[in-house]
Protein chains: 2
Amino acid sequence: MPRCYCALLRKATRRVTSVYDDALQPIGLNLAQFSLLRHIARDEPISMTELGRKIELERSTVSRNVKVLEGMGLAATGSGKDQREAIVELTENGHRILVDGAPLWQAAQDKIEARLGTDASAQLEDLLLAL
Amino acid sequence: MPRCYCALLRKATRRVTSVYDDALQPIGLNLAQFSLLRHIARDEPISMTELGRKIELERSTVSRNVKVLEGMGLAATGSGKDQREAIVELTENGHRILVDGAPLWQAAQDKIEARLGTDASAQLEDLLLAL
DNA sequence: GCATGATGTGTGTATATACACGCAATTGCC
DNA sequence: GGCAATTGCGTGTATATACACACATCATGC
């Protein structure tokens, strides 16, 4: 029986996520939260739907994850001209924690790259983007 | 800013998981459940801790996921000689659904392999195992 | 035999994720 | 202008996942 790509991916994701989560512990965020924060920063202010489209996450998932950041005081939500839209942007603390977290994230990134080697890391990136 | 390996992995995992989940829909299981069922089948009867060790999942996560399978009538739990251990094995229906699901799983597997090509698929497998 | 430390479990809590529903606002068509 | 279809959202529900705790059982040293 050949290996299941999906099971392999899921296991690798668990492992790698824990490396990043550990690295980000000093700022009290996990990788998913840090990543979401970065995406918001890149396009703020942005609506939930648009954010979900960019990061390929279910809209309701985005809403809930944003709510966690909001509870931490890192993001703030409101509504735009279109009263249906819920838009989110970062607070000052949100921006600051991105700066503080950058070197922590980089350390995790380096750790993974060291684990695979430079060439293999680039290969992995290509393959994941092709999926 | 280089790409985050972890975010890439997580996104790819979401995408791929949904391919397998869709494929397995006829048997009413998702990939995580199907995969867990297969692992149990390979080593049954097996304790939660041992199962978690093999698939690199938190023990308590294994317990809860097994409970779902148990609720579906696909697995049964009990305790071994060591009264602390909770052991699990498949029911008849559990074994049957593995057979029914095999071609569905294979179809998803083929779809992913087609998406990447044979060589890249093998590469991906190697890289994921190296993580 | 018994106290102690080690081991195995389940539960509580929190986040990540998806899907189905129902509600509110906007847009389009006459 | 008004009604229907579209769009955007939050909530309910369910699973996957991890970590911290508390409890039960086993193994060991004496």
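Reminder, nothing fancy here: chain letters follow the sequence lines and each chain counts from 1.
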For the side chain of B:Arg84, starting at C-beta, report the closest nucleotide among D:dA24, D:dC9, C:dA18. D:dA24
Once you apply a heavy-atom cut-off of 4.0 Å, does A:Glu58 come out as touching a base, just sugar-phosphate, or nothing? base
Spacing between A:Phe34 atom CZ and C:dA16 atom C1', to the nearest angstrom: 18 Å
Whole angstrom is fine here: how far is it from CG in A:Leu36 over to C1' in C:dT17? 13 Å
Is there a donor on the side chain of B:Arg64 or the base of C:dG12 sitting less than 3.5 Å from an acceptor on the other? yes
Under the 3.5 angstrom rule, does the side chain of B:Asp21 hit a backbone N or O of B:Leu31 as a donor-acceptor pair? yes
With salt bridge (Lys or Arg N to Asp or Glu O under 4.0 Å) as the criterion, how do B:Arg53 and B:Glu50 come out once you've worked through the C-alpha distance, each side chain's angles and the decisive distance to 0.1 Å? CA-CA 5 Å; B:Arg53 204 169 299 155; B:Glu50 187 58 20; 3.0 Å; yes
For residues A:Gly94 and A:Leu37, report the shortest heavy-atom separation together with the two atoms involved. O-CD2, 4.0 Å
So what does A:Gln83 hit on the nucleic acid, given a heavy-atom distance under 4.0 Å: a base, only sugar-phosphate, or nothing? sugar-phosphate
Sugar-phosphate only, base, or nothing, as touched by A:Thr17 at under 4.0 Å among non-hydrogen atoms: nothing
Taking for each residue the nucleotide of DNA chain C bearing the nearest heavy atom, is the 5' side occupied by B:Lys67 or by B:Arg53? B:Arg53
Have a look at A:Arg10 and say if it touches a base, only the backbone sugar-phosphate, or nothing, with a 4.0 Å heavy-atom cut-off. sugar-phosphate
Could you check how far OH of A:Tyr20 sits from C1' of C:dA16, rounded to whole Å? 18 Å
A:Thr61 near the nucleic acid: base, sugar-phosphate alone, or nothing, with a heavy-atom cut-off under 4.0 Å? base
What nucleic acid atoms does B:Asp21 come within less than 4.0 Å of, heavy atoms only: base, sugar-phosphate, or nothing? nothing
Any side-chain N or O of B:Asn65 under 4.0 Å from OP1/OP2 of D:dT15? no
For A:Arg14, report the nucleic acid contact type (base, sugar-phosphate, nothing); a contact means any heavy atom under 4.0 Å. sugar-phosphate
Round to the nearest Å and state the distance from A:Leu69 atom CG to C:dT15 atom P. 10 Å
Comparing B:Glu50 with A:Leu57, nearest DNA chain C nucleotide closer to 5' gives the residue B:Glu50
So, applying side chain to side chain donor-acceptor pair (under 3.5 Å) with A:Tyr5, which one of B:Lys111, B:Glu113, B:Glu125 is it? B:Glu113
For atom CE of B:Met48 and atom C1' of C:dT9, their distance in whole Å: 9 Å
With hydrophobic residues grouped by side-chain heavy-atom distances under 4.5 Å, do A:Val68 and A:Tyr20 end up in a single group? yes
List the steps, then state whether salt bridge (Lys or Arg N to Asp or Glu O under 4.0 Å) holds for B:Glu56 with A:Arg15. CA-CA 9 Å; B:Glu56 289 184 47; A:Arg15 273 206 290 249; 2.8 Å; yes
Phosphate contact (D:dA16 OP1 or OP2) by B:Asn30 side-chain N/O below 4.0 Å: yes
Using only heavy-atom distances, decide whether a donor-acceptor pair under 3.5 angstrom links the side-chain of B:Arg59 to the base of C:dG10. yes
Could you give the CG-to-P distance, from B:Asp82 to C:dT9, as a whole number of Å? 8 Å
Is it the case that the base of D:dC19 and the side chain of B:Ser60 share a donor-acceptor contact (distance under 3.5 Å, atom types as modelled)? yes
What does A:Ser63 touch in the nucleic acid at a heavy-atom separation under 4.0 angstrom: a base, only the sugar-phosphate, or nothing? sugar-phosphate
Let me know the distance between CG of A:Leu51 and P of D:dG8, rounded to the nearest Å. 14 Å
For A:Glu70 and C:dA14, give me the distance from atom CD to atom C1', rounded to whole Å. 18 Å
Mind checking B:Ser18 for me? I need base, sugar-phosphate or nothing, with any heavy atom below 4.0 Å counting as a touch. nothing
